[in-house]
Amino acid sequence: MPVRAMLANLSTRGRIALGASLLAIVVVVVLLLRLASAPSYSTLLTGVDPAQTGKATAALDTRGIKYQLQNNGTALAVESDQTAQARIALATAGITGGSSSNQRGFALLDSQGLGTSNFQQQVTYQRALEGELAQTIEQVQGISSAQVELVLPDRDAQLFSDNSDPATAAVLLGGTDSLDPSSVRGIAQLVANSVEGLKTSNVTITDGTGAMLWPTSASDGTGGSGDDSAMLARQAAEARYDTATASTINAMLVRTLGPNKAQVQVNANLDANQSTQDSLRYGRNVVPLTQRTDNETLRGTAAAAGGAAGTATNTPPTYAQTGNGNSNYRHRTDDQTNGVDKTVTHTTIAPGAVQSQTIGVLVDRSVPRAAIPQIRAAVASAAGINVRRGDRLTIGQIAFAALPAVPAASPVKRFGGYLKYALAGLAALVFLIFVARQLRKRESESLAGEPTWLREIEAPRTLAELERFEQPVPAQLTPLRSPDNPARLQVEELVERDPDRVAQQVRAWMQED
């Protein structure tokens with residue numbers, strides 16, 4: 001059906017509804033296009049000092065960069081495609097960060113003069129370090145402001161002192177509603193690692209309400225909280241080991257003996273401390289490091305010295321010509337330096353080693369006594385029982401309590417459940433059959449009391465007959481109002497009351513044919 005014919009067949013109310021629908025569609029499309037074309041803003045600075053807000057906005061206005069103030073003027077957002085230009089403009093204006101604290105960083109060291117004393121230098125360095133820490137902490141998500149106070153020991157005064165005062169730090173955070181404990185611990189570690197000689201136990205963190213955020217009862221602070229944390233960690237490790245071992249042994253016994261035939265309970269003592277072990281072992285083999293051999297020989301043949309007493313016989317060369325002078329001199333020296341064959345082993349023992357464990361096993365009386373030794377051996381192997389370490393395994397046999405029987409569903413209830421689904425399916429089938437029957441009945445029905453003018457329209461009529469519509473209509477074309485046919489009366493009244501609408505409907509039917 002053409003759109004013009006469809007509009008012609010609509011009533012006044014239908015046309016109003018159609019127009020309102022089209023107007024609503026147009027409004028929705030316009031809104032979607034506006035949202036799609038709207039610029040997206042990305043946050044550039046957070047925690048902006050209100051004193052710097054005017055300076056930042058002026059720098060952006062000078063460059064023609066669009067911006068938005070968020071979080072009551074403490075955050076600045078610019079268009080996503082102008083983020084780089086905005087950063088350059090703010091850096092040119094001297095605004096490099098969104099710190100809302102009044103503490104300046106290491107820029108304080110740039111303004112020192114030549115005549116600055118040692119005390120002034122220490123104070124300035126401490127203030128600069130506090131400002132740098134405050135600006136760093138403000139970058140953490142969920143923190144709008146931070147104030148850091150440090151107490152550093154005097155190195156000159158404590159140079160020769162054995163009992164030196166430790167460094168301490170106090171941190172005040174603002175806007176910490178969504179700050180989790182892990183972030184607080186990270187801030188404490190950040191401050192402790194940024195200051196020389198500062199420990200996390202000497203860092204105190206509070207929020208705007210004065211509530212203590214660090215140290216907590218589970219942290220490694222003072223007051224024995226580290227011992228409590230170690231004890232809790234040890235208890236948790238022992239509980240996990242006991243549960244895992246008992247579950248493994250119970251699964252093995254259920255597989256072999258059947259359900260409700262045995263019950264296992266494990267109680268272990270673990271070493272939660274990390275330790276190191278060094279061992280030195282000497283070998284039997286000698287390893288020579290250096291070796292030197294010195295061999296010296298001398299051979300000679302000459303007359304031996306000697307003769308009669310007196311100067312005549314002992315005056316050279318007379319004495320050299322008498323006696324036997326053969327010689328054979330040998331000298332050997334061995335020098336060897338041996339090394340020691342030794343092995344040094346450095347071992348780090350991880351925490352979690354089992355120091356001792358006690359396992360109790362209860363077996364039902366229905367289990368044969370002949371199977372108890374096999375059960376003991378299997379449990380000892382599965383749990384790793386070590387008698388030298390102090391482990392104990394106890395097996396007892398008692399009568400287990402009977403498990404409560406689960407009431408079985410009665411046949412009547414099961415049949416009722418099946419009957420419910422069967423009735424639902426039958427009702428759906430009857431409904432579909434009834435609907436199909438009614439549709440076929442409506443298709444086979446004929447239009448009773450069809451108006452005469454509908455049949456007459458199908459007959460061709462000349463133009464002269466149509467022009468003589470003011471003349472009396474022949475008897476065969478005169479519509480007679482029969483009181484016996486109310487449908488015909490209604491159609492004829494509709495023709496008389498609104499002929500244009502009837503004509504439009506007829507034209508629509510003709511176009512359909």
Next item on the list: Sequence neighbours left out, what pairs pass side-chain hydrogen bond (donor to acceptor under 3.5 Å, both in side chains) with at least one residue falling in residues 241-255?
Entry: Tyr241-Gln357

N/O donor to acceptor pairs below 3.5 angstrom from side-chain atoms of residues 373-381, sequence neighbours left out:
residue	atom	partner	partner atom	Å
Arg376	NH1	Leu393	O	3.4
Ser381	OG	Ala377	O	3.0

Is the shortest side-chain heavy-atom distance between [X] and [Y] below 4.5 Å?
| X | Y | value |
| --- | --- | --- |
| Pro166 | Lys199 | no |
| Asp61 | Tyr67 | yes |
| Leu173 | Ile205 | yes |
| Leu280 | Thr343 | no |
| Ile395 | Ile372 | yes |
| Glu130 | Glu149 | yes |
| Leu190 | Leu133 | yes |
| Ile359 | Gln265 | no |

Margin query: With a sphere of 6.0 Å drawn around OH of Tyr125, does it hold more than 12 non-hydrogen atoms of other residues, nucleotides or ligands?
Written below: no

Margin query: Tell me if the CD atom of Gln126 is crowded by more than 12 foreign heavy atoms within 6.0 Å.
Written below: yes

Check: Taking atom types as modelled and ignoring hydrogens, do the side chains of Arg389 and Asn269 form a donor-acceptor contact shorter than 3.5 angstrom?
Finding: no

Note to self: Using side-chain contact (heavy atoms from CB on, under 4.5 Å), reason through Ile187 and Val203 one step at a time and then give a plain yes or no.
What the structure shows: CA-CA 10 Å; Ile187 294 173; Val203 178; over 6 Å; no

Between [X] (side chain) and [Y] (backbone), is there a donor-acceptor pair under 3.5 Å?
| X | Y | value |
| --- | --- | --- |
| Gln82 | Ile65 | no |
| Asp391 | Ile385 | no |
| Trp214 | Thr200 | yes |
| Asp180 | Ser183 | yes |
| Asn202 | Leu198 | no |
| Glu79 | Tyr41 | no |

Spacing of [X] atom [atom1] and [Y] atom [atom2] [to the nearest 0.5 Å]:
| X | Y | atom1 | atom2 | value |
| --- | --- | --- | --- | --- |
| Leu213 | Leu172 | CG | CG | 9.5 Å |
| Arg234 | Glu238 | CZ | CD | 5.0 Å |
| Leu76 | Gln68 | CG | CD | 9.5 Å |
| Ile143 | Asp207 | CD1 | CG | 11.0 Å |
| Arg365 | Lys261 | CZ | NZ | 13.5 Å |
| Thr337 | Gln291 | OG1 | CD | 9.5 Å |

[X] to [Y] - nearest heavy-atom pair and separation:
| X | Y | value |
| --- | --- | --- |
| Ala146 | Ala134 | O-CB, 3.6 Å |
| Gln397 | Val367 | NE2-O, 2.6 Å |
| Ala383 | Ile249 | CB-CD1, 3.9 Å |

Next item on the list: For side-chain contact (heavy atoms from CB on, under 4.5 Å), just list the numbers for Asp364 and Asn260, CA-CA rounded to whole Å, side-chain angles, deciding distance to a tenth of an Å, and then say yes or no.
Entry: CA-CA 8 Å; Asp364 190 24; Asn260 198 29; over 6 Å; no

Notebook entry, point to check: Quick one: which of Val123, Thr124, Leu129 gives a side chain to side chain contact (heavy atoms under 4.5 Å, CB included) with Arg127?
Noted result: Val123

Margin query: Exactly one of Thr168, Leu152, Val151 should register a side chain to side chain contact (heavy atoms under 4.5 Å, CB included) with Val195. Which one does?
Written below: Leu152

Next item on the list: Show the numbers, then the answer: is there a side-chain contact (heavy atoms from CB on, under 4.5 Å) between His346 and Thr276?
Entry: CA-CA 7 Å; His346 180 77; Thr276 58; 4.1 Å; yes

Next item on the list: Check the pair Gln263, Val361 against side-chain contact (heavy atoms from CB on, under 4.5 Å), reporting the backbone distance first and the verdict last.
Entry: CA-CA 6 Å; Gln263 185 64 33; Val361 182; over 6 Å; no

